[in-house]
Amino acid sequence: MEEFWYGNIKPTEYDTSSKEYKKLLELICRNEDKLKATMTDEQKALFEKYTDCVREYQTITDCLIFQNGFRLGARMMLEVMEDM
């Protein structure tokens with residue numbers, strides 16, 4: 001808990017070293033570049049707005065998932081402590 005308090009544990013960081021993660025990220029970037037190469041400036045602006053909304057949605061979703069996981073872990077700990 002002390003490490004968390006002092007900011008040494010960052011729950012929003014995750015391991016990005018897996019082959020699957022890197023491969024998927026590379027594929028996303030490659031496909032985005034191909035898609036943008038076919039777009040007009042107006043379409044690119046619209047696509048940028050779309051991706052901004054998706055990122056914001058993902059951030060909110062990630063926060064909700066973290067909160068739910070934290071609550072589940074706390075409930076599990078309470079149940080373990082009650083059984084002692």
Single hit among T61, I60, D62 for side chain to side chain contact (heavy atoms under 4.5 Å, CB included) with L64: I60

For atom NZ of K49, is the number of surrounding heavy atoms from other residues, nucleotides or ligands below 6.0 Å larger than 12? no

Does V80 share a hydrophobic cluster with L72, counting links as ILVMFWY side-chain heavy atoms below 4.5 Å and allowing steps through other members? no

At their closest point, which heavy atom of E48 faces which heavy atom of K36, and how far apart are they? OE1-NZ, 4.0 Å

May I ask whether V54 and M39 are part of the same hydrophobic cluster, defined by side-chain heavy atoms of I, L, V, M, F, W, Y residues being less than 4.5 angstrom apart, directly or through others? yes

Spell out, yes or no, whether I28 and L35 are grouped together once hydrophobic residues are joined by side-chain heavy atoms under 4.5 Å, including indirect joins. no

Over 12 foreign heavy atoms within 6.0 Å of CD, Q67: yes

Here the gap from K22 atom NZ to S17 atom OG, rounded to the nearest 0.5 Å, amounts to 6.0 Å

For the atom pair CZ (F66) and CZ (R71), what is the distance rounded to the nearest 0.5 Å? 10.5 Å

To the nearest 0.5 Å, what is the distance between CZ (F47) and NZ (K44)? 11.5 Å

Worked check of side chain to side chain contact (heavy atoms under 4.5 Å, CB included) between R30 and K34: CA-CA 6 Å; R30 190 172 352 127; K34 286 180 182 179; 4.1 Å; yes

So CE of M77 and CD of E82: to nearest 0.5 Å the spacing works out to 11.5 Å

Test: D52 and R55 ion pair at under 4.0 Å: yes

Hey, is CG on N31 packed in by over 12 heavy atoms from elsewhere, all under 6.0 Å? yes

